[in-house]
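Note sheet for the following structure.
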Amino acid sequence: MSFHHSTCPHDCPSVCALEIERLDPHTIGKVRGARGQTYTAGTICAKVSRYAERVHHPQRLLAPLKRVGEKGVGREAFVEIGWDEALATVASRFETVAREHGAEAVWPYFYAGTMGLVQRDGIERLRHAMGYSRQKSTICVTLADTGWKAGCGVKRGVDGREIAETDLLIVWGGNPVHTQVNVMHHYSVARKARGAKLVVVDPYRTATAEKADRHVMPKPGTDGALACAMIHVMLAEGLADRDYLARYTDFDEAAERHFADRTPAWAAGITGLAAAQIVDFAREYATTPRSFIRAQHGFSRSRNGAVNMHAVSCLPAVSGAWRHRGGGALYGNTALPGIDQTTIMGLDVMDRSVRLLDQSRIGPVLTNDPADIGDGPPVHAMLIQNTNPMAVAPETAKVREGFLRDDLFVCVHEQFMTETAAMADIVLPATMFVEHDDIYTASGHTYLQLGRRIIEPPGQCRSNHRVIGELARRLGAEHRGFAMTELELIDETLRDSGHGGVDHAFAKENWLDCVRDFDDMHFLNGFATADRRFHFRPDWQRYSDCPPGMPLLPDHYDAIDNADAEHPFRMVTAPSRWFLNSTFTESDNSRRREGQPRAKIHPDVLAELDVADGATVTIGNRRGAVTLACQAFDGVQRDVIVVESVWPNRHFGGGVGINTLTSADPGAPDGGAVFHDTAVWIRPALDA
Ligand SMILES: Nc1nc2c(c(=O)[nH]1)N[C@H]1C(S)=C(S)[C@@H](COP(=O)(O)OP(=O)(O)OC[C@H]3O[C@@H](n4cnc5c(=O)[nH]c(N)nc54)[C@H](O)[C@@H]3O)O[C@H]1N2
Ligand SMILES: Nc1nc2c(c(=O)[nH]1)N[C@H]1C(S)=C(S)[C@@H](COP(=O)(O)OP(=O)(O)OC[C@H]3O[C@@H](n4cnc5c(=O)[nH]c(N)nc54)[C@H](O)[C@@H]3O)O[C@H]1N2
Ligand code: SF4
Ligand SMILES: [Mo]
């Protein structure tokens, strides 16, 4: 029995350093946090502390499968086959499709089931080497990245450990009690040591908001208005750091005039907040030098999300909080290690003229929407790794309709028989992180970390890297990366990125701290823009898909799915505590903790609808309708409802899940899924 260092592979900003007990060469025992890594510092979430349940789950896929029954039924529709037959089938179908319809008719599709760079992104090397359709990866970070980079120029910010030294933590549009426990850990240090206050900006009273000194509860998609009004107050009341604005930003007379009109009364009408509350919050923010904004992804998942993220990122430039330890802002630090992924992703053989299909629009793409397919061929073949679009992608009805097409061949490489795997022709069994090698960057902290293979893969499971290499060989794809082992790829990537090889970077520890000095982390040496200044005036036009009418300065960009007479409510589909996207929905423990899908609805609304707490309601819009239990909940504005997700479709009445209602419209200006930007109606369920 021994403990081995590893890294949590899940799509979570925390990317915790782990210690994993190996009971024998095939079995893990306890999973705990590693103490020496000073951001995650031994804290991990309850989901991952029970990881043995997932690794040794009786429903884990252990052999390649071929579907012989109907799509969508599940395991009983498949029979076991050997790896040779499975891979030969995939290769020959890909070859036939490419011959008949062109290489762009094949669309490899992936996301973030594992965040390891080798296992997650290796599929890109196969794509580029074969000239298959490219994937525009928009489902998670695009809106937030675009908005943050508009002002700061690069995806990095203050070291998350400085949260422990702040006097005021503002959790903006995120719920770290559910989605990144370590923020709360560092905040509790600041609270104990310095009496630090916590403000949460969120449309509902989340588990994090329950712990806050102040909960600011705007309507979803209105953070731009709130931030502008705060800037108005700071400028009007002499609370802005004029010296900072002049030295470090592009703030000018025109911006001054612009914010003069963005009054708290104006913002109150948009956000549904009281003007006095906005003024109070602005004063508290501007008079606390050590104020730390933890800008999270949630508030960017609207059609105007990039504009809202940019507007919030302007706040520390007005208050001058960037100057102070424990002050400034963090959205993500993923750019810190400066990883060069050329070899992993085969960027050296990428052809930019090959079409780019938007991942979030998989429903429209697979149903041949002219907006996506244009004059090109429909998608006729897919290899899917690391993602479960039947549950997580918007417009589920179209995703399902697309997968049901007879002229589409699908291979899914998975750990479980997900709803997406159930639609496949061939299913391949995948390893888990303790069974393969990889490296991990993090959005929430400054470390680059290693995760080595600790146990043997069960049954016939193979890693993503191995499957990609074997398909490449059968397809005749050429790239030196296919012949390398995982560790060789990691080693070369580390060298290409200036970190030496594996033995150098991880000589002492399982992690490498890529933090820079205080001035760099706080942009006091300049921002990563051409003129080194923070930009109040984003260059949205540089994106080719930029719609007309995007605001020139921070504003309320009224591009959202506003409520109307037919759809009087706005719905937020926030992450739940015990699931991670659709991962862990196979875990009995997680399902027991979550109970069932529920819509949190204001008690006044339930009274008007004459629906009892706990009864079943139907929620719908022009994309469809879903049926689920309601929960009387007064921690929302009356016209806002919340469904914590992502439950499998089958757990909803009628068998269609929450993303039936969310839209595949791309957020502006460069795409991005808009999961929290949905107008809906609510009715008592017909069967109630
Ligand atoms: N337990 C758990 N952990 C997870 C995940 C999970 O599903 N479950 N998902 C993982 C993934 S993939 C990601 S990307 C991260 C995301 O983690 P975060 O960066 O924390 O972002 P979210 O949790 O998506 O943010 C959700 C919050 O945003 C709020 N929100 C929605 N719209 C708005 C708005 O317009 N304005 C404001 N101010 N707030 C808004 C929601 O009400 C919700 O409370 O979490 C990861 N961690
Ligand atoms: N309604 C609503 N929908 C959402 C969101 C929301 O807030 N609300 N959040 C969105 C966000 S932020 C994201 S990032 C997406 C995430 O969506 P996904 O990336 O699809 O995440 P998961 O649902 O966790 O599915 C990942 C799958 O990868 C598999 N997997 C894990 N490791 C490996 C591996 O090594 N190899 C292979 N082959 N497979 C592996 C897991 O078994 C799992 O089924 O969901 C989005 N969907
Ligand atoms: S908090 Fe996030 S990174 Fe840490 S163990 Fe849990 S899922 Fe993994
Ligand atoms: Mo995500």
Side-chain angles (χ1 to χ4, degrees), residues 7-18 31-33 40 43-49 51 54 60-61 109-116 118-120 122-123 137-144 175-176 178-183 185 297-298 300-301 359-360 383-394 396 412-421 427-433 435-436 438 440 442-445 461-465 467-468 571-576 579-586 643-648 657-662 672-676 678:
T7 303
C8 179
H10 288 290
D11 187 4
C12 172
S14 291
V15 197
C16 294
L18 304 179
V31 176
R32 66 187 188 204
T40 62
T43 303
I44 62 171
C45 69
K47 302 183 290 300
V48 168
S49 66
Y51 217 80
R54 184 170 170 82
R60 218 178 135 182
L61 296 173
Y109 189 91
F110 74 108
Y111 206 53
T114 171
M115 291 290 279
V118 173
Q119 309 293 351
R120 185 188 67 191
I123 190 172
S137 301
T138 54
I139 208 160
C140 181
V141 296
T142 301
L143 279 158
N175 183 9
H178 286 189
T179 61
Q180 38 176 322
V181 289
N182 307 92
V183 167
H185 164 73
H297 299 86
S300 73
R301 306 199 195 287
Q359 154 188 57
S360 302
L383 166 65
I384 301 180
Q385 286 184 321
N386 284 325
T387 183
N388 183 14
M390 277 289 293
V392 306
T396 311
V412 173
H413 187 194
E414 249 300 347
Q415 296 163 343
F416 288 93
M417 183 55 72
T418 60
E419 291 177 296
T420 306
V427 174
L428 307 174
T431 46
M432 290 191 180
F433 76 107
E435 299 149 10
H436 57 231
D438 221 328
Y440 305 83
S443 118
H445 61 70
C461 291
R462 291 186 185 173
S463 73
N464 292 3
H465 176 70
V467 167
I468 294 297
M571 179 177 71
V572 167
T573 60
S576 58
F579 301 146
L580 200 143
N581 307 316
S582 73
T583 301
F584 297 104
T585 55
E586 70 293 325
V643 180
E644 290 178 352
S645 311
V646 180
W647 283 87
I658 201 63
N659 280 320
T660 307
L661 304 179
T662 58
V674 297
F675 290 111
H676 307 323
T678 312

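In each ligand, atom 1 is the first atom listed, and ligand 1 is the first ligand listed. For the numbers below, each heavy atom of this structure counts, side chains included, while hydrogens, waters and symmetry mates do not.
- Going from atom CG of N388 over to atom OG1 of T585 covers 7.0 Å, rounded to the nearest 0.5 Å.
- Near S582, meaning under 4.0 Å from any of its heavy atoms, are these atoms of ligand 2: 22 (P), 23 (O), 24 (O), 25 (O).
- Distance alone, capped at 3.5 Å, is enough to place a donor-acceptor pair between the Y109 side chain and the Q359 backbone.
- What sits closest to atom 36 (N) of ligand 2 on the protein, heavy atoms only, is N464 OD1, 2.8 Å.
- Ligand 2 lies less than 4.0 angstrom from a heavy atom belonging to R301.
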Chi angles and distances behind the side chain to side chain contact (heavy atoms under 4.5 Å, CB included) call for V48, F584: CA-CA 9 Å; V48 168; F584 297 104; 4.2 Å; yes
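- Taking all heavy atoms of V412, T114, N386 into account, the minimum distance to atom 28 (O) of ligand 2 is reached by N386.
- At distances below 3.5 Å, at least one donor-acceptor pair connects side-chain atoms of N659 with backbone N or O atoms of A391.
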Criterion side chain to side chain contact (heavy atoms under 4.5 Å, CB included) on L383 and I468, from CA distance to verdict: CA-CA 10 Å; L383 166 65; I468 294 297; 3.9 Å; yes
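- Protein N/O/S atoms found under 2.8 Å from atom 6 (Fe) of ligand 3: C45 SG.
- Closest heavy-atom approach to atom 46 (C) of ligand 2 within the set Y109, F675, F416: this belongs to F675.
- No donor-acceptor pair closer than 3.5 Å links the side chain of Q385 to the backbone N or O of F110.
- The heavy atom nearest to atom 13 (C) of ligand 2, out of those in D438, V643, N581, is found in N581.
- T431 places no side-chain N or O within donor-acceptor distance of the main-chain N or O of C461, the cut-off being under 3.5 Å.
- In this structure, the separation between CG on N386 and NE2 on H413 is 9.0 Å, given to the nearest 0.5 Å.
- Applying the 4.0 Å criterion to heavy atoms of H436 picks out, from ligand 2, the atoms 35 (O).
- Below 4.0 Å from some heavy atom of Y111 lie the following atoms of ligand 2, by number and element: 14 (S), 19 (O).
- Under 4.0 Å from ligand 2, the heavy atoms of T431 that appear belong solely to its backbone.
- Protein heavy atom at the shortest distance from atom 18 (P) of ligand 2 is T387 OG1, 3.6 Å.
- Of all protein heavy atoms, the one lying nearest to atom 45 (O) of ligand 2 is V392 CB, 3.4 Å.
- Checked by distance only, ligand 2 and R54 come closer than 3.5 Å through their nitrogen or oxygen atoms.
- Residue contact check: H413 has heavy atoms under 4.0 Å from atoms 37 (C), 38 (N), 39 (N) of ligand 2.
- In this structure, the side chains of S645 and F675 stay at 4.5 Å or more apart for every pair of heavy atoms.
- Nearest-residue assignment for atom 14 (S) of ligand 2 (options V646, V118, D11, I384; heavy-atom criterion): D11.
- Note: Y51 and F433 meet the aromatic proximity criterion, with ring centroids under 6.0 Å apart.
- H445 places a side-chain N or O within donor-acceptor distance of the main-chain N or O of S14, the cut-off being under 3.5 Å.
- When atom types are taken as modelled, the side chain of E414 and the backbone of A430 share no donor-acceptor pair closer than 3.5 angstrom.
- With E414, M390, E435, H676 as candidates, the residue nearest to atom 29 (C) of ligand 2 on a non-hydrogen basis is E414.
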From CA spacing to verdict: side chain to side chain donor-acceptor pair (under 3.5 Å), N182, T40: CA-CA 6 Å; N182 307 92; T40 62; 4.9 Å; no
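- Looking from atom 6 (C) of ligand 2 to the surrounding protein, the closest heavy atom is T573 O, 3.6 Å.
- Residue, atom and distance of the protein heavy atom nearest to atom 1 (N) of ligand 2 are N659 OD1, 2.9 Å.
- Close contacts between ligand 2 and A430 involve ligand atoms 36 (N), 37 (C), 38 (N) [criterion: under 4.0 Å to a heavy atom].
- A salt bridge links E586 with R54: at least one charged nitrogen is closer than 4.0 Å to a carboxylate oxygen.
- For the pair Q415 (side chain) and R60 (backbone), a donor-acceptor distance under 3.5 Å is absent.
- Summary of contacts: the protein heavy atom closest to atom 30 (N) of ligand 2 is Q415 OE1, 3.6 Å.
- The contact set between ligand 2 and L580, taken as ligand atoms under 4.0 Å from a residue heavy atom, comprises 24 (O).
- By the 4.0 Å heavy-atom criterion, T420 is excluded from the residues contacting ligand 2.
- Residues that satisfy the ring pair (Phe, Tyr, Trp, His ring centres under 6.0 Å) test with H178, not counting sequence neighbours, are absent from this structure.
- Rounded to the nearest 0.5 Å, atoms CG (D438) and CE (M115) are 11.0 Å apart.
- The ligand atoms of ligand 2 that sit less than 4.0 angstrom from a heavy atom of A112 are 19 (O).
- Heavy-atom contacts of T418 reach the following atoms of ligand 2: 44 (O) (cutoff under 4.0 Å).
- The backbone N or O of H676 sits nowhere less than 3.5 Å from a side-chain atom of T573 that would complete a donor-acceptor pair.
- For T583, a nitrogen or oxygen atom sits less than 3.5 Å from a nitrogen or oxygen atom of ligand 2, counting backbone and side chain alike.
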